[in-house]
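Here the structure is laid out as structure tokens; the discussion comes afterwards.
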Amino acid sequence: MPLPVTIERSERIRHPLREEGPGGGGPIIASVDIFLQQLINGLTLGSIYALVALGYTMVYGILGLINFAHGEVVMIGALTALAVAKMLAAAGLPAPLVLLLALAAAALVCMALGATIERVAYRPLRNAPRLAPLITAIGVSIVLQQVAMLVWGRNYHSVPQLLPAGSHEILGAQITEVQLIIMATAALTMLGLMQLVNRTKLGRAMRATAESPAIAALMGVDANRIIMLTFVIGSALGALAGVMVSANYGIAHYHMGFLLGLKAFTAAVLGGIGNLGGAMVGGLLLGVIEALGAGYIGDLTGGVLGSNYQDVFAFFVLIVVLIFRPSGLMGEKVAERA
Amino acid sequence: MSVLLEARNIGKSFGGVQALKDVSLAIAAGEIYGLIGPNGAGKTTFFNVLTGLYPKDGGEVIFNGAPLPLGSPHEVTRAGIARTFQNIRLFANMTALENVMVGRHARTKVGVGGAVLRFSRAREEEAAIRRRAGELLYYVGIADHARKLARNLPYGDQRRLEIARALATEPKLLALDEPAAGMNATETAELKTLIEGIRADGVTVLLIEHDVKLVMGLCDRVAVLDYGEKIAEDVADVVKRDPKVIEAYLGA
């Protein structure tokens, strides 16, 4: 069984070391294993945030547009992968093959979806005031959510176990195979993306278009094509993230993209929106902040607030960043644009 | 002497302001052609129309024997016109080498899709792009700066980089918009040598410049714009003595 994070967390709260200690409102003694456990959970979650945040930040970097429908693309990816996986698993294919095919199907669907959204919803508004595409983005987001609800229903779908279920112990903390695979895949994907952006013709064209569409066009870069490909790549990353999220939590539903999207957007802003490295750092950081926050909030508030307040941290971070460092940790590009 | 570019009755207005009035001129292949005039005379507007950045209101441009597709900057580049900007417009956050490599886009065939999949042809092309970009940096004299971000280059070298990027598109006509602006005497002299070298290598040059001394010393022929109209066009020495030109610069 994949480990739903909430269950795991309650296990940690019942950890023997802590229960033996003086209970209640005593000073917090950060025991290494709990800290490490939350760090592992946080990095897993953060890897996923980072992948989704990249989708936001790439589009922002090139168009100056917040694609609020991106969270929904992630959701469609998760549900598509789930549908395909169930079908193929019923046909008796081996689990790794099912997973790969489901992932490929999700990626293809999301890439097509991303390209369609760009073409239909954003390109006609390329030269409109910035508020217009923003509202369109929210509209697209609602439409996608409703369509997903019609197709997949309102229920939570449990995700079949396709990854190995084992776990390893390091320094008293548990790291599951699923977590390891998520982190490794995310790291490799991001490495690949950096290579693509920094070492290929396409990447160069993307960066040139992001800096100055008119001059890039003058150099023979087809801006429309580059912009569409940016959406396509971001959507593929989103599909992967969707599959990861449903594998990590063991569930998928039509509404899952909303909060995830907002958090990934927060991560992108935290890192400095428009900056690829920033999205990665911001994603990981946000995941860790959330996990540590959720792990310690009970102690910090004397039990008044529980780990279900986890979501508060992301938006607290967003507010703090917007007040004190609106250009984000690594976001000098935004400052230049403004 | 064959005509490379012929502009016929180019007109352009912004709101009520007529920025260009029926401007016609012809540039011969292999010459350095100067376009001068007081501030606001329409020089840069002419450049922007010529390179497809501004839509023209009237007239046409024949380039290399065919009408220039002014609707698309990209097509203009492909047809063989490259330009630099009065206010330098490099890709500031890319390296000098990458800036020039982007310039190769107009002349390379493997699509971006191929580049993603890294077919061997794409890889060969990438190597060729890199090599050519390196040569061009060397050609304009800033090979040492290849790996620096464009925005970190000294001002004069940014101008050179812009020229290298323009040359990367393999232009028949290189249009330079005030390349000597902000340069000291030494830098200007070096620039003059560079432009002469570019012409010697077979590229026709169209030069907008404020530095009259540079224009007169460099250009084979000069046209003078004033209030959007061409008031003179001839070899430099004649234009210099034209009373209309003297009046435009000094009088009224």
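Below, chain A is the first sequence line, B the second, and so on; all start at residue 1. In what follows, every heavy atom counts, from backbone to side chain, and hydrogens, waters and symmetry copies are set aside.
B/I81 does not touch chain A: none of its heavy atoms, backbone or side chain, sits under 4.5 Å away. Looking at A/A216, the atoms closer than 4.5 Å to chain B (heavy atoms on both sides) sit in the backbone and in the side chain alike. Using a 4.5 Å cut-off between heavy atoms, A/N198 touches chain B through its backbone atoms (N, CA, C, O) alone.
Here the shortest heavy-atom pairing between A/M219 and B/H105 reads O-CB, 3.3 Å. Counting all heavy atoms, side chain and backbone alike, A/L218 lies closest to B/T51 at CD1-O, 3.9 Å. The two residues B/R89 and A/A214 come nearest to each other via the heavy atoms NH2-CB, 4.3 Å. The shortest non-hydrogen separation linking A/R199 to B/E126 is O-OE2, 3.4 Å. The shortest heavy-atom contact between B/N93 and A/E211 is N-OE2, 2.7 Å.
Summarising the geometry, atom CG belonging to B/N99 is positioned 9.5 Å from atom CZ belonging to A/R207; distances are rounded to the nearest 0.5 Å.
Counted within 6.0 Å of OH on B/Y155, heavy atoms from surrounding residues, nucleotides or ligands total more than 12; the atom is thus considered enclosed. Environment of CZ in A/R126: crowded, with over 12 heavy atoms of neighbouring residues, nucleotides or ligands closer than 6.0 Å. Atom OH of B/Y54 has 12 or fewer neighbouring heavy atoms from other residues, nucleotides or ligands inside a 6.0 Å radius.
Using a 4.0 Å cut-off between charged side-chain N and carboxylate O, A/K201 and B/E125 make a salt bridge.
Contact tally against chain A (heavy-atom pairs below 4.5 Å) for B/I129, B/T169, B/V102, B/L53: the top residue is B/V102.
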